[in-house]
Amino acid sequence: MNAETKKPASGEPILEVRHLVKHFPIYKGALRKKQVGKVHAVDDVSFSIAQGETLGLVGESGCGKSTTARTIVRLQDPTSGEVLFRGTDLSTLKGGEMRRMRQNIQMIFQDPYASLNPRMRVGEVLREPLMEHGITRDRGELDRRVKRMLELVGLDPQFENRFPHEFSGGQRQRIGIARALMLEPSLIICDEPISALDVSVQAQIVNLLEDLQRELGLSYLFVAHDLSMIRHISHRVAIMYLGALVEVGDCGDIYQSPLHPYTQAFLSAVPVPDPAVQKERGRVSLEGEIPSAIAPPSGCRFRTRCRHACPRCAETRPEMRELSPGHWVACHLAGGEPGTRPA
Ligand code: SF4
């Protein structure tokens, strides 16, 4: 089924990110005591994810999407903002409380080679979270759960005695997915889970994630820079530029009618299989370099590369506005003032 026609389960959001900020201070001097600036990695990012929904978070390398993902699960502490999981603010939880909460929120990492302990057999990798979280220490129960999980992710249960180096990249990512699922979470943060894999196995992993979502009702935050994969797997898409969201909406709206000039340029770089359509569509080229996240531009962060920029864009940061149901855009001119709307 095409991602643009399938509907996520509706209902209360399982995750709400509100005004999330993550700055990294920059220190100078031998003792690194004097702060001389900060990297604005994530600046006032807000979005939500419903039960059974996949939100694709996409942007160029260094735009802050992975930092957003890591801050949500508290691999890094946020500078400010709220991360509400079923109403509980994760950003205020202390060590033990957050550890317990991780039972519900798991992460799949980009590099399946680096995310598995090379000295542990697959069975041990999968049993570890169950024992650490006190779910069970019963040997028979642990073995049953490991075998069932290996089958669920499409691996032979006999593989539990092998070491990670005995597997291909795609198989290792399946093990990473199995490990994330052992605690039966309801939300999985997928941080570029396919970008380290061969193109031939990327689709297999994405299909597996979709099957698991249907079977288990999982919600995903799917971080990637590959727009084609994001389109395939996501119900909604959030576009990020220099630490801020610029457009959020249903997959179909974003890909067919992008309203933010950055989204238009970003999407126009994705090749279309039909050469005639490709030729007619043309390409919106982006001028200049991405500004430094240490000193982002005033007002709209995209203004130094935007062909529609006007004085107002330098003075005021554009708020996210809902221009059609569920389609949010952070641009002063999008959908508004006649004759000035970004083409
Ligand atoms: Fe361009 Fe101004 Fe819109 Fe920013 S607010 S995207 S600079 S037109």
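Just so it is clear, the model here is predicted, and its values are computed rather than measured. Just so you know, ligand 1 is whichever comes first in the structure, and atom 1 is the first atom listed for that ligand. Numbers here simply count residues along the sequence, with the first being 1. Below, each value reflects all heavy atoms present in this structure, side chains not excepted, and no hydrogens, waters or symmetry copies.
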What atoms in ligand 1 come closer than 4.0 Å to a heavy atom of Cys306?
1 (Fe), 6 (S), 7 (S), 8 (S)
N, O or S of His308 under 2.8 Å from atom 4 (Fe) of ligand 1:
no
About how many Å separate CG of Leu116 and CZ of Phe163, when rounded to the nearest 0.5 Å?
12.5 Å
Electrostatic pair Glu128-Arg179, nearest N-O below 4.0 angstrom
no
Which of the atoms in ligand 1, numbered in the order shown and given with their element, are less than 4.0 Å from a heavy-atom of Pro261?
6 (S)
Closer than 4.0 Å to some heavy atom of His332 - which atoms of ligand 1 meet that?
3 (Fe), 5 (S)
Looking at Glu322, I'd like to know if its CD atom is crowded, meaning that more than 12 non-hydrogen atoms belonging to other residues, nucleotides or ligands lie closer than 6.0 Å.
yes
Heavy-atom pair with the smallest gap, counting every atom of Ser46 and Leu245:
O-CD1, 3.4 Å
Does Asp191 form a side-chain hydrogen bond (donor to acceptor under 3.5 Å, both in side chains) with Ser66? I'd like the steps, not just the answer.
CA-CA 6 Å; Asp191 184 13; Ser66 284; 2.7 Å; yes
Subset of ligand 1 atoms that lie under 4.0 Å from at least one heavy atom of Leu333:
8 (S)
Taking 2.8 Å as the cut-off, does an N/O/S atom of Cys313 lie below it from atom 3 (Fe) of ligand 1?
no
Under 3.5 Å, is there a donor-acceptor pair linking the side chains of Thr263 and Glu247?
yes
Mode of His260 contact toward ligand 1 - side chain, backbone, both, neither (heavy atoms, under 4.0 Å)
side chain
Here the atoms of ligand 1 under 4.0 Å from any heavy atom belonging to Cys331 are 3 (Fe), 5 (S), 6 (S), 8 (S)
